[in-house]
Amino acid sequence: MTTPNQNEHAPAPSDFIRDVVAGDVKSRKHAQIHTRFPPEPNGYLHIGHAKAICLNFGIAHEFGGVCNIRMDDTNPAKEEVEYVDSILADTKWLIDGWADDNLGLKPRGKTPDTKVNGNKTDFELSAIRNPKSEIPVEPFHASDYFDQFYEYALQLVRNGNAYVCDMTPEQTDEFRRLGKESPFRDRSVEENLDLLVRMKGGAFPDGARTLRAKIDMSSPNLWLRDPVLYRIRHAEHHHTGNKWCIYPMYDFAHTLSDYIEGITHSVCTLEFEVHRPLYDWLLASLDLPRPLPHQYEFARLNLTYTVMSKRKLMQLVNDRLVNGWDDPRMPTISGLRRRGMTASALRSFAYHIGITKYPSMTDVALLEHTVREEFNRSAPRRLAVLRPLKIVITNYPESKVEELAAVNNPEDPGAGSRKIQFGRELFIDAADFTETPPPKYFRLKPGGEVRLKYAYIIKCDEVVKGDDGAVIELRCTADLESKSGGATSSRKIKGTIHWVSAARAIDAEVRLYDRLFTVPEPDADGDFKSFLNPNSLDVVNAKCEPSLADADPQVSYQFERLGYFALDPDSKPGKPVFNRTITLKDTWAKETRKH
RNA sequence: UGCCUCGUAGUGUAAUGGUAGCACCAGAGAUUCUGGAUCUCUUUGUCUAGGUUCGAAUCCUAGCGAGGCAGCCA
């Protein structure tokens with residue numbers, strides 16, 4: 001029934017939720033599988049949301065269904081349009097080329113259809129699949145159902161399943177903790193109706209009253225102890241303006257949104273597990289003629305060396321500890337994208353971490369592996385020098401320039417080759433030379449030899465120093481027979497280093513990123529901000545081979561021996577800015593750390 | 001504290017009463033004009049104790065441990 005997981009060339013994932021869905025498909029329980037991704041627009045999406053997106057859209061994709069994107073916007077105090085826009089953009093980016101066919105949107109401005117089914121009133125708003133539509137579309141919004149929610153609230157009051165409560169928030173908390181019934185619990189239907197209408201009409205101030213479900217104050221499950229369904233908030237909502245002064249709570253709104261949209265499998269994270277009985281109670285306590293949704297829970301993603309809560313990410317942004325939500329060090333989808341990570345790599349990561357109910361801590365090394373694996377196959381290779389050190393090839397003619405062939409991608413013969421220029425004066429990376437080589441060092445050292453990639457074997461004859469003793473230039477001689485493909489080109493030289501022509505190289509700003517935090521679990525104890533990595537960003541002025549002047553913003557390049565780099569939007573014509581997405585694996589660095 | 005859920009190599013996950021596998025990480029080697037990639041090999045595991053069964057990671061009981069919930073947030 002499942003189809004291969006498109007870009008991963010791996011079998012379709014299997015987990016306990018997909019098992020349930022597969023079973024329902026087999027038994028023809030539903031006409032079509034329908035999931036949803038319901039973020040609250042109160043922050044930017046992060047890689048944890050990416051896991052949820054890959055799950056919900058993955059299920060829709062694998063079983064030929066639809067996944068609605070829905071703004072769970074029932075709290076006007078916290079939500080903003082900026083977040084709505086970023087959430088839509090990030091979601092589309094993540095599923096682009098993979099599950100666009102399964103994206104469920106709604107016609108702009110459309111609200112649920114009202115149907116009379118016998119003497120039952122039913123509300124329904126079906127999704128249309130994104131790409132085929134000619135009409136303007138938008139994501140679903142829970143706030144588009146405020147009228148319907150209110151009708152359902154009235155129904156709950158009429159059938160004796162809800163009441164208006166006048167207790168203060170503090171009293172409500174205390175009574176729920178103690179399992180004590182509210183003194184307002186047994187108001188008549190008429191009085192409840194009258195109060196609810198007046199609540200809606202703005203007769204009472206914020207917090208004065210609530211609408212509560214009438215369930216069971218002695219239940220061991222706190223969420224069944226008459227949970228609040230509506231609260232009074234005289235506040236402007238980003239989507240509904242000033243139309244409402246009462247707003248539904250999560251449980252009420254979310255459950256009924258699922259029903260209205262015809263969701264079959266409502267997948268959420270573990271903290272909502274204890275809410276499931278309430279979810280089911282709500283659906284059972286209303287007259288709902290169509291098939292009911294079911295809720296399933298999985299463990300949210302935890303990643304080492306980062307924080308994931310929106311509150312903490314917001315704090316990093318507000319305290320200017322990073323440069324915005326899309327700072328490439330952030331675990332946000334926009335940050336990871338700006339850093340140069342691809343949607344397919346993120347999807348592949350989501351595939352590898354799996355779906356369980358165990359609250360695990362995933363090693364960020366797995367993400368890094370996934371990214372490297374993809375780029376190793378796809379990234380065009382280029383030469384760039386991060387910290388330039390000038391070298392002069394003293395036996396190479398001053399006016400001579402040679403064009404040498406450089407392989408674009410050894411993993412992909414079809415990628416062909418390009419020409420790079422060699423001359424008397426070059427830059428190499430300062431990190432590739434030392435006067436005091438440790439054991440097993442095979443880069444350049446005084447009197448030592450090294451291969452210049454695609455070019456000659458050179459020997460370091462002289463180290464030129466400035467007044468302060470710092471190395472400013474190396475004078476070398478080349479083995480002129482050793483050019484790649486030449487007479488002595490097969491001489492075994494341990495080290496090969498990268499270089500650029502001093503005359504032809506272009507300048508670029510390169511931003512080198514490292515982990516944002518210095519410890520694997522920054523929010524385990526203490527103030528997570530005290531574990532920020534002071535070296536998480538290092539900006540250098542690099543020298544790059546000229547072809548990088550026309551770098552494609554959509555392409556990740558491998559700077560040979562250094563890592564994978566992508567153009568930052570800060571780039572200006574003639575002044576490229578590259579972000580280092582991830583270094584290459586560096587076993588030599590590991591070796592030196594050991595000594 | 002009450003309730004809910006979950007415990008499989010260091011990490012993440014398979015095994016759905018029948019040989020405990022895979023990936024990442026780590027380590028060793030081969031190879032290499034990227035100390036990359038590739039290839040080979042290695043270390044390490046079913047939380048504990050009972051029970052059911054020919055047979056238990058899987059089912060049952062108890063214990064231990066971890067996470068979640070106890071907002072008029074979602």
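Just so it is clear: chains get the letters A, B, ... in the order the sequence lines come, proteins before strands, and each one is counted from 1. Atoms considered below: every heavy atom in the structure, side chains included; atoms not considered: hydrogens, waters and symmetry mates.
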A.B. asks: Quick one: which of B/rU32, B/rC72, B/rA74 gets closest to the side chain of A/Lys494?
C.D. replies: B/rU32

A.B. asks: To the nearest Å, give me how far apart CD (A/Glu273) and C1' (B/rC4) are.
C.D. replies: 6 Å

A.B. asks: Is the ring pair A/His238/A/His141 parallel, tilted or perpendicular, if the boundaries are 30 and 60 degrees?
C.D. replies: tilted

A.B. asks: Ignoring the backbone of A/Asn376, work out which of B/rU34, B/rA37, B/rC4 is nearest its side chain.
C.D. replies: B/rA37

A.B. asks: Write down the distance between CZ (A/Arg225) and C1' (B/rC4), rounded to a whole number of angstrom.
C.D. replies: 13 Å

A.B. asks: Can you tell which of B/rU34, B/rC69, B/rA14 lies closest to the side chain of A/Trp223?
C.D. replies: B/rC69

A.B. asks: Would you mind classifying the nucleic acid contact of A/Asp19 as base, sugar-phosphate or nothing, using non-hydrogen atoms under 4.0 angstrom?
C.D. replies: base

A.B. asks: If B/rU53 has a Watson-Crick or G-U wobble mate with both distances under 3.5 Å, name it; if not, just say none.
C.D. replies: none

A.B. asks: Tell me what A/His275 touches on the nucleic acid: a base, only sugar-phosphate, or nothing, going by heavy atoms under 4.0 Å.
C.D. replies: base

A.B. asks: Between B/rA70, B/rC72, B/rC73, which nucleotide has the shortest distance from any of its atoms to the side chain of A/Glu40?
C.D. replies: B/rC73

A.B. asks: Compare side-chain N and O positions of A/Thr587 against OP1 and OP2 of B/rG36 and report whether any pair is under 4.0 Å apart.
C.D. replies: yes

A.B. asks: Once you round it to whole Å, what is the distance between C1' of B/rG12 and OH of A/Tyr351?
C.D. replies: 13 Å

A.B. asks: Looking for any heavy atom pair under 4.0 Å, which part of the strands does A/Tyr247 touch: base, sugar-phosphate only, or nothing?
C.D. replies: nothing

A.B. asks: With centres under 5.5 Å and planes under 30°, do A/Phe442 and B/rG35 count as stacked?
C.D. replies: yes

A.B. asks: Regarding A/Leu404, tell me which of base, sugar-phosphate or nothing describes its non-hydrogen contacts under 4.0 Å with the strands shown.
C.D. replies: nothing

A.B. asks: Has A/Tyr250 got its ring stacked on the base of B/rA74, with centres under 5.5 Å and planes less than 30° apart?
C.D. replies: no

A.B. asks: Would you say B/rG27 has OP1 or OP2 under 4.0 Å from some side-chain N or O of A/Lys590?
C.D. replies: yes

A.B. asks: With a 6.0 Å cut-off on ring centres, are A/Trp499 and A/Phe422 close enough?
C.D. replies: yes

A.B. asks: What is the pairing partner of B/rU48, taking Watson-Crick or G-U wobble pairs with both distances under 3.5 Å in any strand?
C.D. replies: B/rA62

A.B. asks: Base, sugar-phosphate or nothing for A/Gly207? Non-hydrogen atoms, less than 4.0 Å.
C.D. replies: base

A.B. asks: Determine the contact category for A/Tyr454: base if any of its heavy atoms lies under 4.0 Å from a base atom, sugar-phosphate if only primed atoms, P, OP1 or OP2 are that close, otherwise nothing.
C.D. replies: base

A.B. asks: Tell me whether the OP1 or OP2 atom of B/rC73 has a side-chain N or O from A/Arg231 closer than 4.0 Å.
C.D. replies: yes

A.B. asks: Measuring to OP1 and OP2 of B/rG71, would you say a side-chain N or O of A/Thr172 lies under 4.0 angstrom away?
C.D. replies: no

A.B. asks: Does B/rG17 adopt a syn or an anti glycosidic conformation, taking syn as a chi angle within 90° of 0?
C.D. replies: anti

A.B. asks: For the pair A/His49 and A/His46, name the ring-plane relationship: parallel under 30°, tilted 30 to 60°, perpendicular over 60°.
C.D. replies: tilted

A.B. asks: Return the value, rounded to whole Å, for the distance between atom CD of A/Glu591 and atom C1' of B/rG27.
C.D. replies: 11 Å

A.B. asks: Look at the side chain of A/Ile353 and decide which nucleotide, out of B/rA74, B/rG12, B/rU34, has an atom nearest to it.
C.D. replies: B/rG12

A.B. asks: Taking the C1' atom of each, how far is B/rA28 from B/rG55, in whole Å?
C.D. replies: 39 Å

A.B. asks: Return the value, rounded to whole Å, for the distance between atom CZ of A/Phe349 and atom P of B/rC24.
C.D. replies: 14 Å

A.B. asks: With heavy atoms under 4.0 Å as the rule, sort A/Pro410 into base, sugar-phosphate or nothing.
C.D. replies: base

A.B. asks: Kindly say if A/Lys585 contacts the phosphate of B/rA37, meaning a side-chain N or O under 4.0 Å from OP1 or OP2.
C.D. replies: yes

A.B. asks: Quick one: the side chain of A/Glu411 and the base of B/rG36, do they pair up donor-acceptor inside 3.5 Å?
C.D. replies: yes

A.B. asks: Taking the C1' atom of each, how far is B/rA14 from B/rC24, in whole Å?
C.D. replies: 15 Å

A.B. asks: Counting Watson-Crick and G-U wobble pairs only, both distances under 3.5 Å, name the nucleotide matched with B/rA14, or none.
C.D. replies: none

A.B. asks: So for A/Glu297 and B/rU5, does any side-chain atom that can act as donor or acceptor lie under 3.5 Å from a complementary atom in the base?
C.D. replies: no

A.B. asks: Can you tell me which nucleotide in B/rC25, B/rA74, B/rC6 comes closest to the side chain of A/His369?
C.D. replies: B/rC25

A.B. asks: Ignoring backbone atoms, test whether A/Thr362 places a side-chain nitrogen or oxygen under 4.0 Å from the OP1 or OP2 oxygen of B/rU11.
C.D. replies: no

A.B. asks: What contact category does A/Lys357 fall into here, base, sugar-phosphate, or nothing, at under 4.0 angstrom with non-hydrogen atoms?
C.D. replies: sugar-phosphate

A.B. asks: Find which nucleotide of RNA chain B each of A/Tyr441 and A/Pro220 is nearest to by heavy atoms, and output the residue with the more 5' nucleotide.
C.D. replies: A/Pro220

A.B. asks: Quick check on RNA chain B: between A/Ala365 and A/Lys51, whose nearest nucleotide comes earlier from the 5' end?
C.D. replies: A/Lys51

A.B. asks: Remember a base hit wins even if backbone is also touched, and classify A/Ser360 as base, sugar-phosphate or nothing at under 4.0 Å, heavy atoms.
C.D. replies: sugar-phosphate

A.B. asks: Could you tell me whether the side chain of A/Arg561 has a donor or acceptor atom within less than 3.5 Å of a complementary atom in the base of B/rG35?
C.D. replies: no

A.B. asks: Grab the OH-P distance between A/Tyr358 and B/rA57 for me, whole Å please.
C.D. replies: 19 Å

A.B. asks: Parallel, tilted or perpendicular: which fits the ring planes of A/His237 and A/Phe146, with parallel below 30° and perpendicular above 60°?
C.D. replies: perpendicular

A.B. asks: Check this for me: does any side-chain nitrogen of one of A/Arg18 and A/Glu62 sit under 4.0 Å from a carboxylate oxygen of the other?
C.D. replies: yes

A.B. asks: Within this structure, what is the CG-to-C1' distance between A/Leu584 and B/rU32, rounded to whole angstrom?
C.D. replies: 14 Å

A.B. asks: So that I can tick it off, tell me whether A/Asp226 and A/Arg185 are bridged by a salt bridge, with the cut-off set at under 4.0 angstrom between side-chain N and carboxylate O.
C.D. replies: yes

A.B. asks: Could you walk me through whether A/Gln558 and A/Tyr564 pass the side chain to side chain donor-acceptor pair (under 3.5 Å) test, one step at a time?
C.D. replies: CA-CA 4 Å; A/Gln558 183 193 106; A/Tyr564 298 100; 3.1 Å; yes

A.B. asks: Under 4.0 Å, counting only non-hydrogen atoms across every strand here, what does A/Glu560 touch: a base, just sugar-phosphate, or nothing?
C.D. replies: base

A.B. asks: Do A/Lys312 and A/Asp523 sit within salt-bridge range, that is, some charged N less than 4.0 Å from a carboxylate O?
C.D. replies: yes

A.B. asks: Regarding A/Glu368, tell me which of base, sugar-phosphate or nothing describes its non-hydrogen contacts under 4.0 Å with the strands shown.
C.D. replies: nothing

A.B. asks: Can you find a side chain N or O atom of A/Arg176 that sits less than 4.0 Å from OP1 or OP2 on B/rC72?
C.D. replies: yes

A.B. asks: Let's test this: given Watson-Crick or G-U wobble pairing with both distances under 3.5 Å, identify the partner of B/rG27.
C.D. replies: B/rC41

A.B. asks: Does B/rU34 pair with anything, Watson-Crick or G-U wobble, both distances under 3.5 Å, and if so, with which nucleotide?
C.D. replies: none

A.B. asks: Taking atom C1' in both B/rC25 and B/rU16, what distance in whole Å separates the two?
C.D. replies: 29 Å

A.B. asks: Within the 4.0 Å heavy-atom criterion, would you say A/Thr356 contacts the bases, only the backbone, or no part of the nucleic acid?
C.D. replies: sugar-phosphate

A.B. asks: NA contact type, A/Asn42, heavy-atom cut-off 4.0 Å: base, sugar-phosphate, or nothing?
C.D. replies: nothing

A.B. asks: Would you call A/Glu368 and A/Lys585 a salt bridge, using N to O less than 4.0 angstrom?
C.D. replies: no

A.B. asks: Respond yes when some side-chain nitrogen or oxygen of A/Arg233 is under 4.0 Å from OP1 or OP2 of B/rC73, and no when none is.
C.D. replies: yes

A.B. asks: Would you mind reading off the distance between A/Leu270 atom CG and B/rC69 atom P, rounded to a whole angstrom?
C.D. replies: 10 Å

A.B. asks: Counting only Watson-Crick pairs (N1-N3 plus N6-O4 or O6-N4) and G-U wobbles (N1-O2, O6-N3), all under 3.5 Å, who is the partner of B/rC69?
C.D. replies: B/rG2

A.B. asks: Does the pair A/Phe559 and A/Phe565 meet the rule for a ring-ring contact (aromatic ring centres under 6.0 Å, His included), with working shown?
C.D. replies: CA-CA 7 Å; A/Phe559 293 179; A/Phe565 297 75; 4.1 Å; yes

